[in-house]
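Since the model is a prediction, treat every value here as computed from it, not as a measurement. Chain letters run A, B, ... following the sequence lines, proteins first, then strands; residues in each count from 1.
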Amino acid sequence: MDPIMLSRIQYALTTIFHFFFVPLSIGLVLLVAIMETLYVVKGKEIYKTMAKFWGKLFLINFAVGVVTGILQEFQFGMNWSEYSRFVGDVFGAPLAVEALLAFFMESTFIGLWIFGWDRLSKKVHLACIWLVFVGTFLSALWILAANSFMQHPVGFEINNGRAEMNDFLALLTNGQLLVEFPHTIFGALMTGAFVVTGISAYKLMKKQDVEIFRKSFNIAIIIGLVSSFGVAFSGHFQSQYLVETQPMKMAASEGTWTTTEDPAPWTVVASIDPDKQENSGEIKIPGLLSYLSYSKFSGSVKGMKELNAEYQQTYGPGDYIPPVRTTFWSFRIMIAAGGLMIVLALYGTLLAIRKKLEVAGKWFMRLMVLAISLPFIANTSGWIMTEVGRQPWTVFGYMTTEASVSPNVSAGQILFSTIAFTAAYTVLGIVMVYLFVREIKAGPHAVEKPEEHDESADPFGMDGGYSVVTK
Amino acid sequence: MSLSELWFLLIAVLFVGFFFLEGFDFGVGMSTGLIAKSDRERRTLINSIGPFWDGNEVWLITAGGAMFAAFPHWYATLFSGFYLPLVVVLLALIGRGVAFEFRSKMKQQRWRKTWDIIIVVSSSLLPFLFGVVFATLMKGLPIDGEMQMRAGFLDIVNPYTVVGGLSVTLLCLVHGLLFASLRTVGDLRERAMNTAQQLMLPLAAILAVYAVMTYFMTDVFAVRGWALWIMVVLGAASLGLAAYFVRHKREGWAFGMTGAVIAIAFASVFIGLFPRVMVSSFGSAFDLTVYNAASGAYSLKVMTIVACTLLPFVLGYQIWSYYIFRKRLNEQHHLEY
């Protein structure tokens, strides 16, 4: 295989894996912070137990997110050195600020939170978990500022064959960032919410720790409801922005080869033939694509063939059509998963308000357990659409993916690293899921039986963070 | 001082800080395989770095990010050129990070043992690899006119770099043992101190060998004569003081002194390199310098403002967290929890 394909595979695999954990971390830490706030405000032990239980799951997840994140930073230089040379001036800055502003904050205050339960006052301890949340939030903001630059480059000029920043504020007010950031953050909060509701539903079905899991479900379902609507609305704005800035991506995600009639219909499903550049077996909803694109039921949307001809005029000969099937289907999978979550969140909230959670019938609870997978499916397919849909560009309009790879790294080396990282990630994934399931089964009141050598002093241990420090 | 020079200094400070801080948690990680006699003692040792190691590692991540932003060519040449060593570094960082989190989740012997081995191996491997990489930076690497580094195995692994790697590993180990002796009591503290004492002579020997090799095999003494000689004298003095304090069981001062040795050693690397960031073995025309590898003036200015605003806060809360966890971990009190 050639180095470009291998680098792409490696980037896709490591990024998708990393992005299983990041949104869950952001979502879970918010819920833990809310629970601990309730504990500090209301003074009821039950909220502390909740914060500690979900905190344990958060920590397992956070650890994997952190270690896989280091690889993300390194691989730009390792596999994509030409890209790094070209955009380091612009793209590097948000990454550096992310480390300085967000990572230090997260890592220091998570340490204080884990080990500080009885070294810090209640309020200071609570402040620590909120600061961790703020840290994850800021981290997302800066990394998305970097990503938005790749989608919609702003705030720079080309000097000596390199992109050089000339307007930092433009990076932070990039229209792409303004639509991408809320969409991603709502997606993250939704992830945390659906994981917590799903696990709570499972425990409620088993009638274990009913009080704790009812409360957990209620808190999470509200976050789930708000964020699932947030995701939908911000997604709508994002796709409108896309029509303007990356029409090719939008056309590919709609499978639109030729410019549509006015008003444009939305294609629900289609069989796409990228070689013949046509679709068959389409099911269409009239006018909907116009609405999605322009918020009105009129206006046509440009097709890929026309756009490709335009791009050839601007950027020179070449094929500027991204992998259409992948873009088309990942878009639809994302929307379907998102739609399902809205319905489930609505119904779940209704049950919670009417206090009918336990009489809801097992089918709904089972559905909520299955729904744990939905945010992950939506997050992943959303990113696949965004990144694959941008191809052949790494920096839209300025640098192609082919031009971005390291010229001095051989295919063999990349193959080796891809296999090594995939193996390591597979082990990590299995271990993590195993530990997750184990913690969930053990429940919030699990205390290890003391042996002759009591080991409960371990802050990473089953008691979840009692300090062993004494004078 | 130009902004690119300032950023070189800042990146040097970040690396020095990283090795000072993560140096001791590497050392504590290694020492779990060396001085701990029971699972409980291993746990005490790991707890001693529990609240800190993650934050320490961010110094590396920040150094990487700063390099990317301030010196894109340095970042690109270095990271693509050291491809395979960095794959191992990443695997070790991944393994080590999750091992701290995962080891205590289950009691089964095999589970514990596996993660404990990963902690020891990765904690030793990482300082060794970093030592190797930094040694090659001083010695020079095949970097061509396209700023591409095409290094073969022997460019990276040779007697000079291996001694460099071993020096850093041993230095971190002693530094970590002293940190462990600072944060524990009783038997464990004694053992950490005694082991550190036994390692003092080998450490001095290998550092001396490395300094001599550096004199003959690199041009850093020729380029920065007196400055490096001062560093050598300071380093030797710090090491001597460390040995003195270890002998008199004053672990706080001893820890400070090994920290000084680490800081001096890595500062010397950057002093010796300046104004180059990577030395080309094809001749100085191909060197990457703080001038030809740097970002534009605007980018550097923005980053300088951001860094100057944020750094005081970062340092403030990091110091605060060390202050919060300043007390010793007492094994006797474990059963109370």
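- Interface remark: A:I60 contributes backbone and side-chain atoms alike to the contact with chain B (heavy atom separation under 4.5 Å).
- A:R162 and A:E157 are not joined by a salt bridge, as no carboxylate oxygen comes within less than 4.0 angstrom of a charged side-chain nitrogen.
- Ring-plane geometry between B:F26 and B:F18 is classed as perpendicular, the angle between the planes exceeding 60 degrees on a 0 to 90 degree scale with a lower cut at 30.
- Both the backbone and the side chain of B:V98 come within less than 4.5 Å of a heavy atom in chain A.
- The aromatic rings of A:F156 and A:F149 sit perpendicular, their planes meeting at an angle over 60°, well past the 30° parallel limit.
- Annotation: A:F17 is in aromatic contact with A:F21 [ring centroid separation under 6.0 Å].
- Interface remark: A:F76 contributes backbone and side-chain atoms alike to the contact with chain B (heavy atom separation under 4.5 Å).
- For the set B:K301, B:M67, B:M149, the count of heavy-atom pairs under 4.5 angstrom toward chain A peaks at B:M149.
- Between A:Y83 and A:F91, the two ring planes are perpendicular [angle over 60°; tilted spans 30° to 60°].
- Neither the backbone nor the side chain of A:E106 comes within contact range of chain B; no heavy atom of the residue lies under 4.5 Å from a heavy atom of that chain.
- Side-chain atoms of A:Q75 and A:T14 form a donor-acceptor pair, as typed in the model, at a separation below 3.5 Å.
- Both the backbone and the side chain of B:I94 come within less than 4.5 Å of a heavy atom in chain A.
- Ranking A:A99, A:G69, A:S406, A:P94 against chain B, the residue ahead of the rest is A:A99, based on heavy-atom pairs under 4.5 Å.
- Residue contact with chain A, scored on non-hydrogen atoms closer than 4.5 Å, is absent for B:L78.
- For a residue to count as touching a neighbouring chain, one of its non-hydrogen atoms must lie under 4.5 Å from one of that chain's; by this rule B:V302 touches chain A with the side chain only.
- Ranking B:W59, B:F313, B:F71 against chain A, the residue ahead of the rest is B:W59, based on heavy-atom pairs under 4.5 Å.
- Proximity to chain A (any heavy atom under 4.5 Å) is shown, for B:A307, by both the backbone and the side chain.
- No other option in B:A294, B:S295, B:A293 has as many heavy-atom pairs under 4.5 Å with chain A as B:S295.
- Contacts of A:I414 with chain B are made by both backbone and side-chain atoms, with heavy-atom separations under 4.5 Å.
- Residue contact with chain B, scored on non-hydrogen atoms closer than 4.5 Å, involves the backbone and the side chain of A:L112 alike.
- Your options are B:L90, B:D54, B:V88, B:L60, and the one with the most heavy-atom pairs under 4.5 Å with chain A is B:L90.
- For chain B, the nearby parts of A:A93 are the backbone and the side chain; heavy atoms of each come within less than 4.5 Å.
- The main-chain N or O of A:G65 is found under 3.5 Å from a side-chain atom of A:T68 such that the two form a donor-acceptor pair.
- With hydrogens and angles disregarded, a donor-acceptor distance shorter than 3.5 Å links the side chain of B:T77 to the backbone of B:M147.
- Of the charged side-chain nitrogens involved, at least one lies within less than 4.0 Å of a carboxylate oxygen, so that B:D39 and B:R103 count as a salt-bridged pair.
- Interface remark: B:W74 contributes no atoms to any contact with chain A (heavy atom separation under 4.5 Å).
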